[in-house]
Structure formats: C-alpha cells, structure tokens
Protein chains: 2
Amino acid sequence: MSKILIVEDEQAMMIGLRDNLEFEGYEVHTADRGDDGLKKILSGNYNLVLLDVMLPGMSGFDVCKKTRAADIETPIILLTARGEELDKVLGLELGADDYVTKPFSLRELLARIKVILRRAGGSVQKDADLITIGNIRVSFESYEAFNASDEPVKMSHKEFEILHYLCSHHGKIVTRDDILDQVWGMDYQPTSRTVDNFIVRLRNKIDTPENQHIITVHGVGYKLVL
Amino acid sequence: MSKILIVEDEQAMMIGLRDNLEFEGYEVHTADRGDDGLKKILSGNYNLVLLDVMLPGMSGFDVCKKTRAADIETPIILLTARGEELDKVLGLELGADDYVTKPFSLRELLARIKVILRRAGGSVQKDADLITIGNIRVSFESYEAFNASDEPVKMSHKEFEILHYLCSHHGKIVTRDDILDQVWGMDYQPTSRTVDNFIVRLRNKIDTPENQHIITVHGVGYKLVL
DNA sequence: TTGCTCGATGACAATTCTGTGACATCTTGT
DNA sequence: ACAAGATGTCACAGAATTGTCATCGAGCAA
C-alpha cells in the first residue's frame with residue numbers, strides 16, 4: 001500500500017484530505033510545518049507527498065527544492081492557493097511532479113495521485129492478461145477473446161497458440177518455421193501453407209478495416225504490430 | 001534527443017507548438033488525425049505525445065485508451081479546449097500522464113514536458129537497432145524502414161540484405177561479387193547487372209538530394225558512407 | 001451413427017519480387 | 001576529344017511468395 005505524506009497547515013484541509021485518502025486505502029502521514037515536512041520527506045519513506053506552498057517554517061517551494069537537491073525523487077504534488085501561472089511553472093521547475101490549485105476537486109486530486117503512483121512503478125497492475133489486439137481483447141490465460149462489444153469471439157486452440165506466439169514477439173519478425181516449431185513442435189509439422197491459413201483466420205478476427213495488425217514480411221514471415 | 005509527437009488538427013496550433021518545441025531542441029513529429037496519431041504512437045518511437053482531445057478520425061480519449069490497452073507506456077499529455085473537470089479526470093483515468101487546458105501558456109507546457117521526460121528517464125530504447133542512413137532509418141531486426149516523417153518505407157527482402165551487407169562494411173569498398181556471394185550465395189548467382197539494379201532501388205530510398213550515400217567506385221564496386 | 005468442429009491440404013488467384021536486356025549516361029585512358 | 005568500357009535507369013516478363021477458398025478426414029459429443 002502506498003504511503004502518502006500531507007504537508008499542510010490548515011487543519012480543515014488536512015483532515016479532509018487525510019480522511020479521503022485513507023478512505024481510498026492509502027496510508028497517510030502528516031506534517032504541519034515546512035521544515036518538519038522536509039525532514040520527513042528526506043527519510044525517503046513515502047511514495048508521494050502532497051505539499052502546500054504557503055507553510056510556516058519553510059515554503060513549499062523551498063521544501064521541494066531542498067528535496068531534489070538532496071537527490072530524493074519522491075513524487076511531489078504542490079497544493080497552491082494562488083492561481084497564478086508563475087507558481088505553477090516555478091513549482092514544476094523546482095522539481096515538483098504536479099500541482100493542483102485550490103480550490104481543487106477531490107476527484108481530480110485523486111486521479112492525479114493515481115497517475116503519479118502508477119507511473120512511479122507503483123503497484124497498479126492493470127488487467128494484466130487481457131491484451132487488446134486490433135478488434136479484440138484476448139486473455140491467453142483463460143483462452144478467451146472478446147470483441148469491441150464485449151461479446152465472446154470463438155477462437156480455436158491453435159489459433160490462440162499462434163496468436164500467443166506472435167504476441168510474445170510483437171514487433172519482431174516471426175518465420176513460418178518459427179511458428180511451426182513453437183506451436184506444432186519440432187517432430188510433427190504440417191505444410192507451411194497451414195500457417196498461412198491460420199493467419200487468414202486470425203486476420204479475419206483481429207484486423208480492423210483501417211489497421212492490419214498481422215503484417216506480411218514478404219520472403220521472411222509475419223510480424224504482429226499491436 | 002527526445003522525440004515528441006504532436007497530434008493536433010488545428011494547423012496554427014500545431015505549427016506554433018512544433019516550432020517552439022523544435023527551438024527547445026526536441027525532435028518533433030506530427031499527425032493531424034486521431035487514427036493516424038494512434039498508429040504512430042503504437043510504433044513506440046516517441047518519448048512523449050501531445051494529444052489534442054478533439055480530433056478527426058478518433059478522439060484523443062480513445063487514442064489514449066487504445067494506447068494503454070496495447071501496453072504502450074509512452075507518456076501522453078492531453079490538450080483539451082474545454083475546462084471541464086470531467087475531461088481532466090477522464091483523461092487521467094484513461095491513462096494520460098498529464099493535461100493542459102487551452103488556452104495554455106507555453107512556459108507551463110514546456111515545464112510539464114520537462115517534468116515528464118525527466119521522470120521517464122528520457123530514452124526510447126527501441127532506437128537501439130534503428131540505423132539512420134540518409135533519408136531513412138532502418139531496423140534490420142524487424143525488417144522495417146521509416147522515412148523522415150516516420151512513415152514506413154517498403155523494402156524487399158533482398159534490398160534489406162544488400163543494405164545490411166553494405167552497412168556492415170560501411171566506409172569500405174564492396175565489389176559486386178562480394179555482394180553476390182554474400183546475398184545470393186556462392187552457388188546461384190544472377191548477372192552483375194542485377195546488383196546495379198538493386199543499388200538503384202536502394203539509392204531511390206536512402207539518398208537525399210544533397211547527399212549520396214551509396215558511392216560508385218568506378219571499376220571496383222560500391223561503398224556506403226553513413 | 002450422426003452431426004459438429006477443428007486441423008490440414010491442395011488448387012488457384014492475387015500479389016510482390018527478381019532478374020534481364022536495352023539503351024542512356026558517365027568515367028577512364030589515350 | 002574520342003573510344004571503350006563501366007555504370008545508371010527503365011520497363012517488363014517470369015518466378016516466387018502469399019491470400020483465399022473448398023474440401024476432406026479425424027476426433028468428439030450427443
């Protein structure tokens with residue numbers, strides 16, 4: 001679970017933020033002075049910092065600057081009361097990762113927090129095994145495929161395996177022999193014509209009118225582009 | 001150098017952005033339709049995307065969503081004309097990394113770009129095997145070639161092989177027989193006229209008006225200069 | 001058994017790539 | 001400058017590759 005530090009001197013604001021973030025499942029810590037906040041940030045113990053600009057002890061700008069000067073890369077979102085652009089830019093140039101201007105909407109702040117935590121390599125996994133390829137979304141774990149309207153798309157076992165192989169090498173070229181070796185095995189192999197036929201079937205399922213995802217590389221093989 | 005893609009249909013806006021970003025030292029590419037933009041983004045060739053929300057072809061939201069669905073993590077900054085919060089949140093939840101609301105200040109946008117590029121650690125590693133030769137960039141691994149505008153260039157298998165051989169001996173002189181031996185093999189070999197013909201085809205694709213990259217060494221063979 | 005699906009194959013069409021000759025143009029040596 | 005040889009360039013026919021369809025048989029379930 002992500003740990004968030006709130007550095008904010010206005011009691012009401014701080015409590016509101018804390019409660020909401022805790023409700024969202026974050027672990028929340030607080031500081032109400034700039035210098036205290038800096039000390040905590042420098043411990044490197046947080047995944048994210050919400051930092052007010054107007055603070056007793058030390059301004060948010062200075063906290064930010066000193067944090068970066070100390071080579072601490074903890075993401076920082078600035079909370080500023082003034083809507084002036086100068087503040088924004090200054091903040092970002094000082095090393096902040098984002099800012100919101102008071103009054104801000106909670107939904108927006110939460111969205112921004114999510115974005116930054118995700119980007120920081122956080123722990124938001126996505127639908128992991130549902131991969132979108134052209135027209136369809138495929139799960140290789142459950143051998144299911146769905147079209148744009150979420151209706152199931154029928155795919156045979158071999159079709160899944162071939163698509164899976166193409167997927168795991170997407171962007172790279174795969175020869176017919178590669179496919180035969182991987183999907184059918186070294187011992188028994190049908191004609192390479194068979195591969196072409198499966199490619200046709202896959203194309204019918206995943207290609208959109210505008211985009212062809214399985215590219216023929218003449219004289220070499222095929223290539224899947226996502 | 002960071003490569004930035006601008007997806008924007010308003011000419012004036014696009015030109016303004018492009019010029020300013022180029023002035024800042026970024027390599028800028030453009031697209032004026034949502035679907036075209038998506039195609040380019042999916043190539044994974046960019047460090048950052050500036051994406052307008054209102055676009056012909058496909059909305060910025062959809063482009064964003066599809067990009068993330070395809071597991072491409074290229075950072076995206078949304079450009080939105082409407083100041084509505086819903087847009088912002090929606091955009092961020094769809095996987096955008098940031099947004100600015102038109103009209104935005106250039107300084108702010110530049111600051112945000114810097115922040116994101118800094119955070120992304122700033123390099124597209126796909127360029128690893130992308131070699132630039134004159135007009136085009138070539139990947140011998142994936143048998144792809146792109147021109148200056150990042151549009152794919154068609155190249156046949158033999159063309160790739162010959163260019164590959166020239167590349168691996170760039171700066172040195174290569175005789176026609178060398179090429180025939182390497183590309184066609186010792187046993188079967190066409191006329192040496194055939195080589196000339198392929199050289200012509202390659203030249204048409206890679207030479208720029210100012211620079212000839214495949215040099216004829218009269219009486220001996222050819223030489224590739226990068 | 002019957003009816004179904006899937007894998008495999010071959011035939012043919014469609015497409016793309018190669019190789020060649022003819023002729024224009026250039027380079028070199030005289 | 002001239003001739004001889006080398007190279008540039010183009011269009012086209014044939015070769016090679018790939019797309020697509022119809023079909024057949026094996027395996028499986030009802």
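So that the names make sense, note that chain A is the first sequence line, chain B the second, and so on, each numbered from 1.
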In whole angstroms, the gap separating P of C:dG7 from CD1 of A:Ile162 amounts to 8 Å
For B:Tyr165 together with B:Trp184, are the ring centres under 6.0 Å from each other? no
Looking only at C:dG19, C:dC17, C:dA8, the nucleotide nearest the B:Ser156 side chain is C:dC17
> Do NZ/NE/NH1/NH2 and the carboxylate oxygens of B:Glu151 and B:Lys40 come within less than 4.0 Å?
Replying inline: no
Taken to the nearest whole Å, CD1/B:Ile215 to C1'/D:dT7 is 14 Å
Distance col, row B:Glu22:CD vs B:Glu27:CD, nearest 0.5 angstrom, shows 9.0 Å
task = Run the salt-bridge test on A:Arg68 and A:Asp97 with the 4.0 Å N-O cut-off and return the result as yes or no.
result = yes
Looking only at heavy atoms, the pair that brings A:Lys154 and A:Glu159 closest together is O-OE1, 4.3 Å
Say whether, by atom type as modelled, one donor and one acceptor occur between the side chain of B:Ser59 and the main chain of B:Phe61 under 3.5 angstrom. yes
B:Glu161 CD to C:dC17 P, in whole Å, measures 13 Å
Could you check whether any side-chain N or O of B:Thr191 sits under 3.5 Å from a backbone N or O of B:Thr194, counting only pairs where one atom can act as donor and the other as acceptor? no
Rounded to whole Å, the NZ-P distance (B:Lys223 to D:dT7) equals 15 Å
To the nearest angstrom, the CD1-C1' distance between B:Ile214 and D:dT9 comes to 15 Å
- Task: Could you tell me whether the side chain of B:Asp207 and the main chain of B:Gln212 form a donor-acceptor pair under 3.5 Å?
- Result: no
Given protein heavy atoms under 4.0 Å, the one-letter contact record of nucleotides 12-30 of chain D, with B base, S sugar-phosphate only and - none, is simply -----SBBBB---------
Do B:Arg176 and B:Asp181 sit within salt-bridge range, that is, some charged N less than 4.0 Å from a carboxylate O? no
When rounded to whole Å, the CZ to C1' distance for the pair A:Phe160 and C:dT5 reads 15 Å
query: Closer than 4.0 Å, any side-chain N/O of A:Trp184 to the OP1 or OP2 of C:dA8?
result: yes
Rounding to the nearest 10°, end axes of the helix from C:dT1-D:dA30 to C:dT30-D:dA1 built from five pairs each make an angle of 30°
Whole-Å distance, B:Ile179 CD1 to C:dG19 C1', equals 15 Å
Rounded to whole Å, the NZ-P distance (B:Lys158 to C:dT20) equals 12 Å
| said: If the cut-off is 4.0 Å, is B:Thr191 near the phosphate of C:dT20, judged by side-chain N/O to OP1 or OP2? | reply: yes
